[in-house]
Amino acid sequence: MSFIKELPTIEDILSRKTLPPVCLYNFYIVLRDKLYMDDLLDFYLDVRHHEILWRRYVKTILKKSQQNNLFNSIHKLEAAEDPIEEYLDVSFAVPIEKYVDIYNPIEQQQTEDDVSISMPLPIVRPPVGEQISNVIYGLPDRQDLSASVERIIYTYLMPGSPKYLEVIPAKIRQQITKNYHINGNVRHDPMLFAEAKHAAFLYMERWAYPSFMRLKVWGNITSRQQIYRLVIGLVALTAGFSTAISFIFLNYATWGTRIWILLPFWIGCYQLFVFLSRLDPFFALILNVSETTTFHFNKVSQSQVKRILQARAIWILLFSSITAVILTVILCVIPSTRF
């Protein structure tokens, strides 16, 4: 189907270009509760936020200096303090023109940093999905950038740090921790984290993205909800078989009262199919919602995902109904034991 090929990529998700249930918030929830990789996503987002702060700082410098060349303007303003030209001497740094378009960033990439340079930014990235309360806004300066670099390094890359990322290759971690100081000053350009960010992206693309898409594109309930449905389905099937056997021994007519066993059989089959497929047709076809955490829901707004869920929901309804009818017919045609 063509709409399957149109599903969002991991770049779309990380750039906040997607809608529930394949949005960044749900991606974070899956990585936190299911895959236990939320620290890796936090690192990636913190590096991106540092890039946003750095772009804002550079744009402010360019505006003040009235020059078109980034490196010349900063060299003239702060050559004696900490020239960015020296940063490019690091062997693993990538060319700045490939990393970010400093001359036309708004046309290049429409993201959350594409706002007026006079508008304040959160200096520290707010956590994904949490209420923004004590967030400090302002225009970033060199001290803010240096603090951002040190916060990332001491949170994710230093041995013994609270969110130490072993999935980042040791060579990259060592290069960053070795080279983030230049002549006693903290290096704050985003090229410092270029390779680590790329490694984090590849790891999420390889291990997190496929699992996330399976959970959110092909299903709409959580693992705990699956267990609830399994229990309900087994209880309903037990009630259906018990009632059917009772009707047989109590000499009820084959095609009279016995037909009512269709109800517990259908409920049981429906719930078991929901358990096996991780998809509730009622949520997909009637309510148009997807479960994020247990009994907390998002409206399904991504059109491609909505079509896939609805198509699968119809098949699940069909199979569960056919199975329930077959069981009902078999137990209705069994003759009574009384003569």
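Counting heavy atoms from C-beta on, the side chains of Asp280 and Tyr270 come closer than 4.5 Å. Using a 4.5 Å cut-off on side-chain heavy atoms (C-beta onward), Arg48 and Lys197 make contact. Side-chain contact between Phe201 and Ile10 is present, with heavy atoms from C-beta onward closer than 4.5 Å. Between Trp255 and Val329 there is a side-chain heavy-atom pair separated by less than 4.5 Å. Leu279 has its side chain out of reach of Phe273: every pair of non-hydrogen atoms, C-beta onward, lies at least 4.5 Å apart. Here the side chains of Tyr180 and Ile153 are in contact, with some heavy-atom distance below 4.5 Å. Considering only heavy atoms from C-beta on, Asp33 stays 4.5 Å or farther from Thr222 through its side chain. Proximity of Val22 to Phe27: side-chain heavy atoms (C-beta onward) are nowhere separated by under 4.5 Å.
Between Trp207 and Tyr203, the ring planes are tilted. Angles from 30° to 60° get that label.
In this structure, a donor-acceptor pair under 3.5 Å is present between the side chains of Ser223 and Lys34. Checking Asp12 against Thr9 by side-chain atom types alone, a donor-acceptor pair falls below 3.5 Å. For Ser148 and His50, the side-chain atoms include at least one donor-acceptor pair closer than 3.5 Å.
A distance-only check finds a donor-acceptor pair linking the side chain of Gln302 to the backbone of Leu19 [under 3.5 Å]. In terms of modelled atom types and a separation under 3.5 Å, the side chain of Gln304 and the main chain of Glu6 share a donor-acceptor contact. Under the 3.5 Å distance criterion, the side-chain polar atoms of Asn298 are left unmatched by any main-chain donor or acceptor of Pro20. Put simply, the side chain of Ser211 never gets that close to the backbone of Ala208: no donor and acceptor are under 3.5 Å apart. Judged by distance alone, with hydrogens and angles left aside, the side-chain atoms of His198 form no donor-acceptor pair with the main-chain N or O of Ala196 at under 3.5 Å. Checked by atom type and distance alone, the side chain of Arg258 never pairs as donor or acceptor with a backbone atom of Thr243 at under 3.5 Å. Judged by distance alone, the side chain of Glu291 and the main-chain N or O of Asn220 form no donor-acceptor pair under 3.5 Å.
Here the closest heavy-atom approach between residue Leu234 and residue Thr238 is recorded as O-OG1, 2.7 Å. The minimum heavy-atom distance between Pro190 and Trp54, with the atom names listed, is CD-CD2, 3.1 Å. For the residue pair Leu327 and Cys269, the shortest heavy atom distance occurs at CD1-SG, 4.1 Å. Here the closest heavy-atom approach between residue Pro281 and residue Ile316 is recorded as CG-CG2, 3.7 Å. Taking each heavy atom of Thr60 and Arg56 in turn, the nearest pair found is OG1-O, 2.8 Å. Shown here for Ile330 and Val333, the closest heavy-atom pair between the two residues is O-CG2, 3.2 Å.
Summarising the geometry, atom CD belonging to Gln175 is positioned 7.0 Å from atom CD1 belonging to Ile172; distances are rounded to the nearest 0.5 Å. Phe283 CZ to Asn288 CG: the interatomic distance, rounded to the nearest 0.5 Å, is 12.0 Å. The structure places CG of Leu14 at 9.5 Å from CD of Glu205, a figure rounded to the nearest 0.5 Å. Atom-to-atom distance recorded for Leu41:CG and Asp46:CG is 9.5 Å, nearest 0.5 angstrom. Between Ile261 atom CD1 and Ile245 atom CD1 the span is 10.0 Å, to the nearest 0.5 Å. In this structure, CG on Asn179 lies 11.0 Å from CD on Gln174, to the nearest 0.5 angstrom.
One hydrophobic cluster, built from ILVMFWY side chains closer than 4.5 Å, holds both Leu285 and Phe297. In the hydrophobic cluster analysis, where Ile, Leu, Val, Met, Phe, Trp and Tyr join through side-chain heavy atoms closer than 4.5 angstrom, Tyr228 is grouped apart from Val274. No path of Ile, Leu, Val, Met, Phe, Trp and Tyr side chains, each step under 4.5 Å between heavy atoms, connects Ile221 with Ile232, placing them in separate hydrophobic clusters. Taken together through direct or relayed side-chain contacts under 4.5 Å among Ile, Leu, Val, Met, Phe, Trp and Tyr, Ile168 and Leu35 form part of one hydrophobic cluster. Linking Ile, Leu, Val, Met, Phe, Trp and Tyr whenever their side-chain heavy atoms come within less than 4.5 Å puts Leu331 and Leu237 in one cluster.
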Run the numbers on Ile29 and Arg32 for side chain to side chain contact (heavy atoms under 4.5 Å, CB included), then give the verdict.
CA-CA 5 Å; Ile29 293 296; Arg32 185 193 67 187; 3.4 Å; yes

Run the side chain to side chain contact (heavy atoms under 4.5 Å, CB included) check on Trp266 and Ser320 step by step: do they pass?
CA-CA 7 Å; Trp266 182 81; Ser320 60; 4.1 Å; yes

Trp260/Thr257 under side chain to side chain contact (heavy atoms under 4.5 Å, CB included): CA gap, chis, key distance, verdict:
CA-CA 6 Å; Trp260 286 101; Thr257 308; 4.3 Å; yes

Report the C-alpha separation of Tyr44 and Met204 in whole Å, then their side-chain angles, then the decisive distance to 0.1 Å, and conclude whether the side chain to side chain contact (heavy atoms under 4.5 Å, CB included) test is met.
CA-CA 10 Å; Tyr44 184 90; Met204 290 189 292; 3.9 Å; yes

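Ion pair Arg173/Glu166 not flagged as a salt bridge, since none of the NZ, NE, NH1 or NH2 atoms sits closer than 4.0 Å to an Asp/Glu carboxylate oxygen. A salt bridge does not link Lys163 to Asp38: none of the charged nitrogens lies less than 4.0 Å from a carboxylate oxygen. A salt bridge does not link Arg142 to Asp144: none of the charged side-chain nitrogens sits closer than 4.0 Å to a carboxylate oxygen.
The ring of Phe265 has its center closer than 6.0 angstrom to the ring center of Phe241.
Annotation: Arg224, atom CZ; neighbour count of heavy atoms from other residues, nucleotides and ligands within 6.0 Å does not exceed 12. For Tyr252, the OH atom is loosely surrounded, since the number of other residues' heavy atoms within 6.0 Å does not exceed 12.
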